[in-house]
There are 2 protein chains.
Amino acid sequence: MDSKIFNLKSKLEVYKAMTGGANFADCPVRDVIQGISGKWSSLLVMALAEKPYRFGELRRLVPDISQRMLTQTLQDLQRDGYVHREVFPTKPPSVEYSLTDLGRSMFLPLQQLIQWAELNHDAVRDARATFDAARD
Amino acid sequence: MDSKIFNLKSKLEVYKAMTGGANFADCPVRDVIQGISGKWSSLLVMALAEKPYRFGELRRLVPDISQRMLTQTLQDLQRDGYVHREVFPTKPPSVEYSLTDLGRSMFLPLQQLIQWAELNHDAVRDARATFDAARD
DNA sequence: CAGCATCCCTCCGGATACTG
DNA sequence: CAGTATCCGGAGGGATGCTG
């Protein structure tokens, strides 16, 4: 596999590009992956990619998420600019969550990974079982 | 955004497809994302996508990884079938790590995400700064 | 050279109870 | 309805020392 796919010239640059130097927060790849690596993040992005949802709807859509984690994950996604939060001053109030343009553009490559995961999950599971069996 | 992109028909199926029912380990997407969401996983996959490396080479390539985490991450990647480990019975022994076919096929969608991350990392950082500033 | 073992500590995420 | 506040157990990950 050609290193040109990274637009990088040396091993050192591979590392620098990944880490952004020495600072963890400046590493683009890990920073982005971190943002969707939460237990519920990809699930919620996937749901919101379909259409906007309200808080309670998401709660019913994903029954086994705690409301603490739903709140926190949505806040994290909003903080990173993936999700837009709109409050309607009704009584009682309702809040609608939707993907931003940034969120939708991020969902495109994420979707590639999702499709790969659905297609190759069995292979990963098999590899894991084989590895564990060999380790006896 | 059309729900057909998921090959799913209803909200319930969205959830079931993500979770695989009730079992976390059976959820393809989270399971795969989990596998590359470690602090060093994507970094090592990216390095090995360039060419095979030996243990010590990876250590020098990524100076600030502890050898404990290098060992463990490589084992995890090997367990999931992404990485092949080959021991050469020299003295002292040398071990070469390389991507498997499964690892290379997984790297293709991952690369899409990597490219997106490099292009849009600034936007994410800006969104984060704006959000934090507004929260005062 | 390429690991394994041990200690330790932070942070993610679950359970529960309470508000505007 | 849509959150906040608090407590707590377990997993992820760093530092250090030892081995074939």
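In the text below, chain A, chain B and the rest are named by the order of the sequence lines, each starting its count at 1. Since this is a predicted model, take the numbers as computed values, not measurements.
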Those residues at least two apart in sequence (or on a different chain) that pass side-chain hydrogen bond (donor to acceptor under 3.5 Å, both in side chains) with B/Ser105 are A/Trp116

What string of B, S and - do you get for nucleotides 4-20 of chain C 5' to 3' if you count protein non-hydrogen atoms under 4.0 Å? B-B------BBBBB--B

In this structure, how many angstroms lie between the P atom of D/dG3 and the CG atom of A/Leu74, rounded? 8 Å

Hey, does B/Phe88 reach any base, or is it just sugar-phosphate, or nothing, if we go heavy atoms under 4.0 Å? nothing

Do B/Arg79 and B/Gln75 have side-chain N/O donor and acceptor atoms under 3.5 Å apart? no

Contact under 4.0 Å: A/Arg54 side-chain N or O vs D/dC1 OP1/OP2: no

Whole-Å distance between C/dC1 P and B/Glu57 CD? 11 Å

Please give, in whole Å, the distance from D/dA2 P to A/Arg85 CZ? 10 Å

Rounded to 10 degrees, the angle between the two terminal axes of the helix from C/dC1-D/dG20 to C/dG20-D/dC1, each from five pairs: 50°

With a 4.5 Å cut-off on side-chain heavy atoms, are A/Ile114 and B/Val32 touching? no

Could you tell me the separation between the CD atom of B/Glu86 and the P atom of C/dA2, rounded to a whole number of Å? 14 Å

Do A/His84 and A/Gln78 have side chains that get closer than 4.5 Å, going by heavy atoms? no

Take atom OH of A/Tyr97 and atom C1' of D/dA2, then tell me their distance rounded to the nearest Å. 7 Å

Between P of D/dG20 and CZ of B/Phe55, the distance in whole Å: 17 Å

Decide, yes or no, whether a salt bridge links B/Arg104 with B/Asp101 under the criterion of side-chain N to carboxylate O below 4.0 Å. yes

Any salt bridge linking B/Asp80 with A/Arg125? Criterion: basic side-chain nitrogen under 4.0 Å from a carboxylate oxygen. no

Any heavy-atom pair between the side chains of B/Phe88 and B/Glu96 that's under 4.5 Å? yes

Expressed in angstrom and rounded to an integer, what is the separation of B/Tyr53 atom OH from C/dC1 atom P? 17 Å

Can we say B/Arg59 and B/Asp64 salt-bridge, meaning some charged N sits less than 4.0 Å from an Asp/Glu carboxylate O? no

So, do B/Leu44 and B/Tyr53 sit near enough that their side-chain heavy atoms are less than 4.5 Å apart? no

Could you check how far CG of B/Leu58 sits from C1' of C/dG3, rounded to whole Å? 14 Å

